[in-house]
Number of protein chains: 2
Amino acid sequence: MTIAQVADKYGITPDTLRYYERVGLIPSVTRSAGGIRNYGEEECNWVEFIVCMRGAGIEVDALIRYVSLFKAGNGTLKERKNILIEQRDKLARRVEELEKTLARLDKKIENYESVLIPAQEKLMKKGEKNG
Amino acid sequence: MTIAQVADKYGITPDTLRYYERVGLIPSVTRSAGGIRNYGEEECNWVEFIVCMRGAGIEVDALIRYVSLFKAGNGTLKERKNILIEQRDKLARRVEELEKTLARLDKKIENYESVLIPAQEKLMKKGEKNG
DNA sequence: GTAAACCCTGGAGTTCGCTCCAAGTCAAGA
DNA sequence: TCTTGACTTGGAGCGAACTCCAGGGTTTAC
């Protein structure tokens, strides 16, 4: 697959893909003789993983560390797992926080309704009077 | 309360508070004769609200719109509510996305365990042999 | 009344994560 | 073979949200 196809498939731009590769978010991409990237299945899976993780706000730096450990081979399994755990925990805390804020927004919206609905009823009664 | 106290209370810096006020995230802060900010209870509540919303990643622009409608009075209740609903929905979608990624990370970590635990057991057996 | 600590403003600087650009190379169709 | 369009690189630029700074004013404690 070409860079444009992969970009399209995962909803990002070729520039972002090049950037990800440049900074080390994607292990490596095979090239044609002329130097043009050709993404295989493995590479696509990496892209998909990275796009997902970035979508959840996991920092580029953490992902770079993860990828560089991956490149270093099986001796780094434990360390890689620790990065994942660290990020999972961070994300779990974030989700909790967001859920609290979500609940708060819901309440605030309810409050607005309790102000707005009586106001609307008043208008409707007015309407009844007028017609 | 002084700016430093408020900053401390909500875990931000005085600079951030001044920035929030400057761009319109906080309706107004009363000043002393000398021009020094003095946060009352109302103002603290605004700060708390804004810090919470910002903590959930709600955009500064949306909050500015909200605050400026608030300043404009009761005629803007419906519009304010709409902003809240819009942001609530955005946040809800985000939470869903994050939960999916969280589940994925959990699975990935489990996979690492299924590789690492057998390796550990091997090491432990070796330990038994040696002592 | 003065020193130290805090506050003020406007504007420049920083960080993160892309995003865009110039100048050139490569590949596929007419 | 030429043209057209996609690809390459290194590096500059950008938007969001702060963060910091210089040069000053204010408060408070002694």
Side-chain angles (χ1 to χ4, degrees), chain A residues 1-26 28-40 43-44 46-68 87 90-91 94 97 101, chain B residues 1-26 28-40 43-44 46-47 49-68 87 90-91 94 97-98 101:
Chain A
M1 289 184 108
T2 70
I3 197 166
Q5 288 169 332
V6 175
D8 217 54
K9 185 169 180 182
Y10 297 113
I12 53 177
T13 67
D15 269 320
T16 301
L17 274 172
R18 288 193 204 97
Y19 163 73
Y20 282 174
E21 187 179 346
R22 177 159 36 162
V23 300
L25 275 185
I26 293 159
S28 78
V29 181
T30 15
R31 308 292 187 104
S32 77
I36 285 172
R37 291 173 182 80
N38 181 22
Y39 292 77
E43 280 136 347
C44 281
W46 265 107
V47 171
E48 192 274 333
F49 173 68
I50 291 298
V51 167
C52 175
M53 295 299 121
R54 286 294 308 128
I58 289 168
E59 286 158 13
V60 166
D61 268 9
L63 294 170
I64 289 173
R65 275 188 290 134
Y66 181 80
V67 173
S68 79
Q87 297 305 318
K90 240 185 185 171
L91 187 52
R94 182 104 186 102
E97 192 193 351
T101 303
Chain B
M1 288 182 106
T2 69
I3 197 167
Q5 288 168 331
V6 176
D8 217 55
K9 185 169 180 182
Y10 297 113
I12 55 177
T13 67
D15 269 320
T16 302
L17 274 172
R18 287 193 206 99
Y19 163 72
Y20 281 175
E21 188 179 345
R22 181 161 28 166
V23 299
L25 274 185
I26 293 159
S28 78
V29 180
T30 13
R31 309 291 187 105
S32 78
I36 286 173
R37 289 173 183 81
N38 181 24
Y39 293 77
E43 279 136 348
C44 280
W46 264 107
V47 172
F49 174 66
I50 291 299
V51 167
C52 176
M53 293 301 122
R54 285 294 308 127
I58 288 168
E59 287 158 12
V60 167
D61 268 9
L63 295 170
I64 289 173
R65 274 187 292 136
Y66 182 80
V67 173
S68 79
Q87 296 305 318
K90 238 185 186 173
L91 187 51
R94 182 104 186 103
E97 191 194 350
L98 295 192
T101 304

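Nothing here was measured: the structure is a model prediction, and the numbers come from that model.
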Student: Applying side chain to side chain contact (heavy atoms under 4.5 Å, CB included) between Ile3(A) and each of Leu17(A), Ile36(A), Asn38(A), report the one that passes.
Tutor: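 The residue from Leu17(A), Ile36(A), Asn38(A) that satisfies side chain to side chain contact (heavy atoms under 4.5 Å, CB included) with Ile3(A) turns out to be Leu17(A).
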Student: Are any of Tyr20(B)'s side-chain N or O atoms less than 4.0 Å away from OP1 or OP2 of dC18(D)?
Tutor: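 Yes, Tyr20(B) has a side-chain N/O under 4.0 Å of OP1/OP2 on dC18(D).
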Student: Under 3.5 Å, side chain of Arg18(B) to main-chain N/O of Arg22(B), donor-acceptor pair present?
Tutor: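 Not at all, since once roles are kept as given, no pair shorter than 3.5 Å links the two residues.
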Student: Does dT8(D) have its OP1 or OP2 closer than 4.0 Å to a side-chain nitrogen or oxygen of Arg18(A)?
Tutor: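 So the side-chain polar atoms of Arg18(A) do come within 4.0 Å of the phosphate oxygens OP1 or OP2 of dT8(D), strictly under.
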Student: More 5' along DNA chain D: Asp15(B) or Pro14(A), using each one's nearest nucleotide?
Tutor: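 The residue whose closest nucleotide sits nearer the 5' end is Pro14(A).
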Student: Between Arg37(A) and Gly35(B), who's closer to the 5' end of DNA chain D by nearest nucleotide?
Tutor: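 That would be Arg37(A).
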Student: Taking only side-chain N and O atoms of Ser32(B), does any of them lie within less than 4.0 angstrom of OP1 or OP2 on dT27(D)?
Tutor: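 Result: yes.
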Student: Do any side-chain nitrogens or oxygens of Thr13(A) fall under 4.0 Å of OP1 or OP2 in dC18(C)?
Tutor: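 No, outside the criterion.
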Student: How long is the span from the CZ atom in Arg54(A) to the CG atom in Leu25(A), to the nearest 0.5 Å?
Tutor: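 Rounded to the nearest 0.5 Å, the CZ-CG separation comes out at 7.5 Å.
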Student: From CE of Met1(B) over to P of dT27(D), roughly how many Å is that when rounded to an integer?
Tutor: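 Met1(B) atom CE is separated from dT27(D) atom P by 18 Å.
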Student: For the pair made of CD in Glu21(B) and P in dC7(C), what is the distance, rounded to whole Å?
Tutor: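 Taking CD of Glu21(B) and P of dC7(C), I get 14 Å after rounding.
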Student: Just the rounded figure in Å: distance from P of dA17(D) to CZ of Arg22(B).
Tutor: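 About 15 Å, once rounded to whole Å.
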Student: Any Lys/Arg nitrogen of Glu59(B) or Arg65(B) sitting under 4.0 Å from an Asp/Glu carboxylate oxygen of the other?
Tutor: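 No, this pair does not count.
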Student: Select one nucleotide: of dA17(D), dC26(C), dC18(C), the one nearest the side-chain heavy atoms of Glu59(B).
Tutor: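 Output: dA17(D).
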Student: Counting the atoms with a prime plus P, OP1 and OP2 as sugar-phosphate, which does Ala4(B) contact under 4.0 Å by heavy atoms, base, sugar-phosphate, or nothing?
Tutor: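 Sugar-phosphate: the residue Ala4(B), judged by heavy atoms under 4.0 Å, touches backbone atoms but no base.
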Student: When you get a sec, tell me which of dC8(C), dC7(D), dC18(C) is the closest nucleotide to the side chain of Ile36(A)?
Tutor: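 The answer is dC7(D).
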Student: On the nucleotide dT9(C), are OP1 or OP2 found under 4.0 Å from the side-chain N or O atoms that Arg31(B) carries?
Tutor: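 Result: yes.
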Student: Is there a side-chain polar atom (N or O) of Thr2(A) under 4.0 Å from OP1 or OP2 of dA6(D)?
Tutor: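 Answer is no, no contact under 4.0 Å.
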Student: Is any side-chain N of the basic residue among Arg37(B) and Glu43(B) closer than 4.0 Å to the acidic one's carboxylate O?
Tutor: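 The answer is no: the pair does not qualify as a salt bridge.
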Student: Can you work out whether Leu25(A) or Ile3(B) has the more 5'-proximal nearest nucleotide on DNA chain C?
Tutor: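 Of the two residues, Ile3(B) wins.
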Student: Taking CG from Asn38(B) and P from dT27(D), how many angstroms apart are they, rounded to a whole number?
Tutor: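 Between P of dT27(D) and CG of Asn38(B): 11 Å.
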Student: What is the distance, rounded to the nearest whole Å, between atom CD1 of Ile50(A) and atom C1' of dG17(C)?
Tutor: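 Result: 14 Å.
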Student: Between atom CG in Asp8(B) and atom P in dC6(C), what is the gap in whole Å?
Tutor: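 Value for this atom pair: 12 Å.
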Student: What is the distance, rounded to the nearest whole Å, between atom OH of Tyr19(A) and atom P of dG10(D)?
Tutor: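 About 16 Å, once rounded to whole Å.
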Student: Atom CG of Leu17(A) and atom P of dC18(C): how far apart are they, to the nearest Å?
Tutor: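 In whole Å, dC18(C) P and Leu17(A) CG are 11 Å from each other.
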